[in-house]
A.B. asks: 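Just dropping this structure here.
Letters A, B, ... mirror the listed sequences (proteins, then strands); counts begin at 1.
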Number of protein chains: 2
Amino acid sequence: MTSLMETTFGEYIRLLRNEHELTLTQLAAKLNLDSANLSKIENGKRDFDEKRLPKLAKIFNLNLTELRNEYLTDQIGKQIYETNCTKQLLQVAEEKAEYRRLKNIKTA
Amino acid sequence: MTSLMETTFGEYIRLLRNEHELTLTQLAAKLNLDSANLSKIENGKRDFDEKRLPKLAKIFNLNLTELRNEYLTDQIGKQIYETNCTKQLLQVAEEKAEYRRLKNIKTA
DNA sequence: ATAAGACTTGTCATTTTTTGACAAATTTAT
DNA sequence: ATAAATTTGTCAAAAAATGACAAGTCTTAT
């Protein structure tokens with residue numbers, strides 16, 4: 001796996017956009033959304049809608065799976081940040097995830 | 001800190017309820033919710049509303065902070081599970097959380 | 001067998017949250 | 001100063017979460 005970004009997902013989009021010298025308006029059009037909202041996304045004031053990941057990957061010719069990982073880690077990182085979840089608690093959360101895995105494979 | 005549960009939050013509530021020999025109806029009443037919905041919560045089909053944590057703590061005479069941690073780790077664990085987030089990706093998510101911390105302390 | 005209590009499931013209206021869209025700033029580059 | 005780019009505020013629409021109730025199953029006592 002390619003090493004993932006140490007940025008927010010919004011910053012990552014901005015990075016890509018700048019690399020490709022697109023304006024907000026131009027990229028927003030390609031993504032089928034409003035430039036004002038894309039601005040908010042890049043500035044972390046709104047979330048990028050997961051449904052648009054395939055489109056985003058196509059526009060910048062990125063591997064969708066890796067992009068999804070970028071997105072996923074951003075989302076979870078955000079939650080960790082917002083809830084002030086410590087490493088110790090995160091460890092517990094991981095164990096609980098594992099518990100769900102065991103349980104649900106049996107159950108389903 | 002007391003060691004946290006390796007159960008879902010719903011299962012934990014059920015555990016507490018059974019220990020105290022309360023019916024769904026009885027506990028639901030104390031929590032100001034419908035017994036049918038409490039059943040769903042215990043069975044993981046709905047989320048417990050965070051707003052009720054203080055009430056829940058009071059009913060069972062629990063430390064609110066610890067209960068919150070129980071809740072928090074359940075929530076994040078659930079997200080880890082649902083998104084199939086691997087340990088490796090979780091590590092990245094943690095770094096991103098750290099990045100947000102640094103950034104937002106500066107920014108705010 | 002059946003009646004009662006405990007629990008579960010399905011559905012739907014209400015509430016809350018998220019999203020899309022537009023107008024009006026503000027900033028940046030020329 | 002102008003024009004383009006970006007940001008911010010607001011609000012209606014869409015989507016998701018919640019509350020409530022009805023109807024179902026399952027168990028247990030009689």
Side-chain angles (χ1 to χ4, degrees), chain A residues 7-56 59-60 68 71-72 74-79 81-83 100 103-104 106-108, chain B residues 7-56 59-60 68 71-72 74-79 81-83 100 103-104 106-108:
Chain A
T7 62
T8 63
F9 196 75
E11 289 169 349
Y12 179 46
I13 293 178
R14 172 150 295 177
L15 209 69
L16 289 168
R17 182 168 66 79
N18 288 336
E19 274 176 3
H20 292 252
E21 301 190 2
L22 295 173
T23 65
L24 279 172
T25 309
Q26 290 170 327
L27 178 55
K30 286 177 196 288
L31 286 168
N32 250 301
L33 64 82
D34 191 277
S35 67
N37 289 331
L38 181 54
S39 167
K40 285 170 195 159
I41 289 168
E42 290 188 353
N43 290 305
K45 298 180 175 169
R46 278 206 186 188
D47 273 351
F48 185 80
D49 188 341
E50 187 168 5
K51 284 177 289 195
R52 288 200 178 82
L53 286 178
K55 212 169 251 182
L56 187 63
I59 293 166
F60 294 120
R68 253 187 219 299
Y71 182 77
L72 197 173
D74 181 70
Q75 290 292 112
I76 295 186
K78 186 177 155 205
Q79 195 182 0
Y81 170 69
E82 283 171 352
T83 60
R100 278 180 194 262
K103 197 187 73 150
N104 278 271
K106 282 187 194 162
T107 306
Chain B
T7 63
T8 64
F9 197 74
E11 289 170 347
Y12 179 47
I13 292 178
R14 173 150 294 178
L15 208 68
L16 289 167
R17 183 168 66 79
N18 288 336
E19 274 175 2
H20 288 73
E21 301 191 1
L22 295 173
T23 66
L24 279 172
T25 310
Q26 289 171 327
L27 178 55
K30 286 176 196 287
L31 286 168
N32 249 301
L33 64 82
D34 191 278
S35 67
N37 289 332
L38 181 54
S39 167
K40 285 169 195 162
I41 290 168
E42 291 187 354
N43 291 305
K45 299 182 174 165
R46 280 206 185 187
D47 274 349
F48 185 79
D49 187 342
E50 185 167 7
K51 283 177 289 193
R52 289 199 176 83
L53 285 177
K55 212 168 251 182
L56 187 63
I59 292 167
F60 293 121
R68 254 187 218 299
Y71 183 77
L72 197 172
D74 181 69
Q75 289 292 112
I76 295 185
K78 186 176 154 204
Q79 196 181 358
Y81 169 69
E82 282 170 353
T83 59
R100 278 180 194 261
K103 196 187 75 152
N104 278 271
K106 282 186 194 163
T107 307

A.B. asks: Could you check whether atom CD of B:E21 has more than 12 heavy atoms from other residues, nucleotides or ligands sitting under 6.0 Å from it?
C.D. replies: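 Result for CD/B:E21: open.
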A.B. asks: Between B:R52 (side chain only) and B:N32 (backbone N and O only), is there a donor and an acceptor less than 3.5 Å apart?
C.D. replies: yes
A.B. asks: Using a cut-off of strictly less than 4.0 Å, decide whether A:R52 has a side-chain nitrogen or oxygen near OP1 or OP2 of C:dG20.
C.D. replies: yes
A.B. asks: Compare the minimum distances between each of C:dC7, D:dC11, D:dT6 and the side chain of A:T25, then state the nucleotide with the smallest one.
C.D. replies: D:dT6
A.B. asks: Give me the atom names and distance for the closest heavy-atom approach of B:T7 to B:D74.
C.D. replies: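 For B:T7 versus B:D74, the nearest heavy atoms are O-OD1, 4.3 Å.
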A.B. asks: For C:dA6, does OP1 or OP2 lie under 4.0 Å from any side-chain N or O of B:R17?
C.D. replies: no
A.B. asks: Please confirm whether the shortest side-chain N or O distance from B:K45 to OP1 or OP2 of C:dT9 is below 4.0 Å.
C.D. replies: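 Answer yes for this pair, as a side-chain N or O of B:K45 is under 4.0 Å from OP1 or OP2.
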A.B. asks: Give me the atom names and distance for the closest heavy-atom approach of B:T23 to B:R17.
C.D. replies: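 Heavy-atom minimum between the residues: C-NH1, 3.5 Å.
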A.B. asks: Can you tell me if A:S39 touches the phosphate of D:dT7, counting only side-chain N or O atoms and a distance under 4.0 Å to OP1 or OP2?
C.D. replies: yes
A.B. asks: Is it the case that D:dA17 (base atoms only) and B:D47 (side chain only) share a donor and an acceptor within less than 3.5 Å, ignoring hydrogens and angles?
C.D. replies: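 Checked by distance alone, the answer is no.
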A.B. asks: What is the per-nucleotide protein-contact pattern of nucleotides 22-30 of chain D, from the 5' end, where B denotes a base atom under 4.0 Å from a protein heavy atom, S denotes such proximity for sugar-phosphate atoms only, and - denotes neither?
C.D. replies: B--------
A.B. asks: Rounded to the Å, how far apart are B:E21 CD and C:dG5 P?
C.D. replies: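 Distance check: B:E21 CD to C:dG5 P gives 18 Å.
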A.B. asks: Provide the closest heavy-atom pair for B:I76 versus A:T83 in the form atom of the first, atom of the second, distance.
C.D. replies: CD1-OG1, 3.9 Å
A.B. asks: Nearest-Å distance, CG (B:N37) to C1' (D:dG19)?
C.D. replies: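 Going from B:N37 (CG) to D:dG19 (C1'), I get 6 Å.
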A.B. asks: On DNA chain C, check which nucleotide each of A:K51 and B:T23 is closest to and give me the residue with the more 5' one.
C.D. replies: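 This one resolves to B:T23.
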A.B. asks: Without decimals, in angstroms, what is the distance between B:I41 CD1 and D:dG19 P?
C.D. replies: 7 Å
A.B. asks: Taking atom P of C:dT28 as reference, at what distance in whole Å does atom CG of A:N18 sit?
C.D. replies: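 From A:N18 CG to C:dT28 P: 14 Å.
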A.B. asks: Between B:N43 (CG) and C:dA6 (P), how many Å, whole number?
C.D. replies: 17 Å
A.B. asks: Tell me, do B:L31 and B:F48 make a side-chain contact under 4.5 Å, heavy atoms counted?
C.D. replies: yes
A.B. asks: Measure CG/A:L33 against P/D:dT6 and give the value in whole Å, please.
C.D. replies: 14 Å
A.B. asks: Grab the CG-P distance between B:L38 and D:dA20 for me, whole Å please.
C.D. replies: 13 Å
A.B. asks: Between the base of D:dT10 and the side chain of A:K40, is one N or O donor paired with an acceptor at under 3.5 angstrom?
C.D. replies: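 Counting by modelled atom types and ignoring angles, a donor-acceptor contact under 3.5 Å is found here.
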A.B. asks: Quick one: the side chain of B:D49 and the base of D:dA17, do they pair up donor-acceptor inside 3.5 Å?
C.D. replies: no
A.B. asks: Please check this pair: side chain of A:D49 against backbone of A:K51, looking for a donor-acceptor N/O pair closer than 3.5 Å.
C.D. replies: yes
A.B. asks: Can a donor-acceptor pair be found, under 3.5 Å and without considering hydrogens, that links the side chain of B:D34 to the backbone of B:A36?
C.D. replies: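 Yes, the answer is positive, given that a donor and an acceptor are paired below the 3.5 Å cut-off.
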A.B. asks: C:dT8, OP1 or OP2 - any side-chain N/O from B:R14 closer than 4.0 Å?
C.D. replies: yes
A.B. asks: Measure the distance from CG on A:L31 to P on C:dA21 and round it to the nearest whole Å.
C.D. replies: 13 Å
